[in-house]
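No hydrogens, no waters, no symmetry mates; every other heavy atom, side chains included, goes into these values. Throughout, residue positions are numbered sequentially from 1 according to the sequence presented.
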Amino acid sequence: MPSLRVAVVGHVEWASFVRVPRMPRAGEIVHASGAWEVAGGGGAVVAVQLARLAGGAVLFTALGDDDLGQRAAEDLGGRGVRVVAAVRREAQRRVLVHVDGRGERTITVIGERMGPRRRDPLPWGELAGFDAVFFTAGDAGVLRAARAARVLGATPRALPTLATARVPLDVLVGSGRDAGERYRPGDLLPPPALTVWTEGGRGGRWRAGDGRRGRFAAAPLPGPVADAYGCGDSFAAGLTFGLAAGLETEAALELGARCGAACCTGRGPYEGRLGVRRPAGGRRSG
């Protein structure tokens, strides 16, 4: 598989995790068996997974000017991600994540999503040199700049910006079960070349811009389920990387599924690692 230059335009959240036997009922006290913190959020998770596949990645983002913003940049830097950030005079967005005995995560968000803006003094011209860019947050001007990359992917959580920018997407990846990622054919013009809806352990479904459609299977888990946080974003990263590498749709989906499955077996979004073996696949058609 060829060496690729990959990047993310998106958001970061400082994530505080607690592991509990189950979610507490109203007024109840439960005791956590563990707690940890990392830089999270869709932009961060996609960037780290891309960095693992490509040997490095760049994240164009916005961070708060407080201690948590600085810690987030340092954490991602230690995971192979070069962070290129506009610094906002506000608190870094945070999330509180409860992980229950089944590995399911429940998230409370504190603060507004911070994405980069085209007027931020960041090196936007670099985007034209990337083989793949994935977009999770930012304004329409930034998204148009990201379209200069060879392959552009995005999450439907950014649907209002995607609709405003009206740029052609190579792939749109979202959850088929999350209301916040709902997308219906016709919501975007032009339509994405490939749209994928994930369905957890059931795999998911896809639809091409020319009307072709199909389903894909979930990858076997390489270990016991530990934590579902970040599985969907890891899938999106693997799929986008596979398409940029020239894999056929089915092979790229398989790579994405393996990334998501590996994430599910580790504590937080980064401990479950995909093996170094990469799947074989033909060149992408069309």
Side-chain angles (χ1 to χ4, degrees), residues 6-17 36-63 68-69 71-85 92-97 99 103-109 111 113-116 132-138 153-158 171-175 178 180-181 196 198 200 204 219 225-242 255-274:
V6 293
V8 175
V9 175
H11 67 293
V12 177
E13 301 161 348
W14 186 253
S16 300
F17 292 79
W36 64 97
E37 297 183 314
V38 296
V45 176
V46 173
V48 171
Q49 181 62 78
L50 284 174
R52 288 178 175 172
L53 293 168
V58 182
L59 172 61
F60 294 81
T61 189
L63 297 172
L68 292 183
R71 289 174 66 186
E74 293 172 353
D75 184 58
L76 292 170
R79 301 181 191 278
V81 177
R82 178 167 70 93
V83 179
V84 179
Q92 177 62 40
R93 192 188 205 204
R94 301 175 58 199
V95 294
L96 305 178
V97 186
V99 181
E104 187 56 84
R105 85 290 185 272
T106 304
I107 303 172
T108 301
V109 179
R113 177 179 297 193
M114 286 191 290
V133 172
F134 196 84
F135 182 89
T136 75
T155 170
R157 286 192 176 274
V171 60
L172 181 71
V173 192
S175 168
D178 187 337
E181 298 186 14
V196 178
T198 61
V225 173
D227 183 350
Y229 183 94
C231 294
D233 294 316
S234 297
F235 172 91
L239 170 60
T240 303
F241 183 89
L255 176 59
R258 290 179 58 221
C259 291
C263 179
C264 197
T265 63
R267 187 185 75 161
Y270 309 128
E271 286 193 1
R273 292 177 177 268
L274 180 66

Working to the nearest 0.5 angstrom, can you tell me the gap between [X] [atom1] and [Y] [atom2]?
X	Y	atom1	atom2	value
W14	D75	CH2	CG	5.0 Å
F235	L255	CZ	CG	9.5 Å
R267	W36	CZ	CH2	5.5 Å
L68	E13	CG	CD	12.5 Å

Which heavy atom of [X] sits nearest a heavy atom of [Y], and at what distance?
X	Y	answer
S16	R94	OG-NH2, 4.0 Å
V46	D233	CG2-O, 3.5 Å
G69	L63	O-CD1, 3.6 Å
P116	G10	CD-O, 3.7 Å
A158	F135	CB-CE2, 3.7 Å

Any non-hydrogen side-chain atom of [X] less than 4.5 Å from a side-chain atom of [Y]?
X	Y	result
Q92	V12	yes
F60	V133	no
T198	C231	no
V99	Y229	no
F17	P269	yes
V38	R79	yes

Keeping the roles fixed (side chain from [X], backbone from [Y]), state whether a donor-acceptor pair exists under 3.5 Å.
X	Y	value
Y270	A39	yes
R93	G111	yes
T155	T136	no
D227	G268	yes
T240	A237	no

Partners of R157 by side-chain hydrogen bond (donor to acceptor under 3.5 Å, both in side chains), sequence neighbours excluded?
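In terms of side-chain hydrogen bond (donor to acceptor under 3.5 Å, both in side chains), with neighbours along the sequence ignored, R157 is linked to D178, E181.
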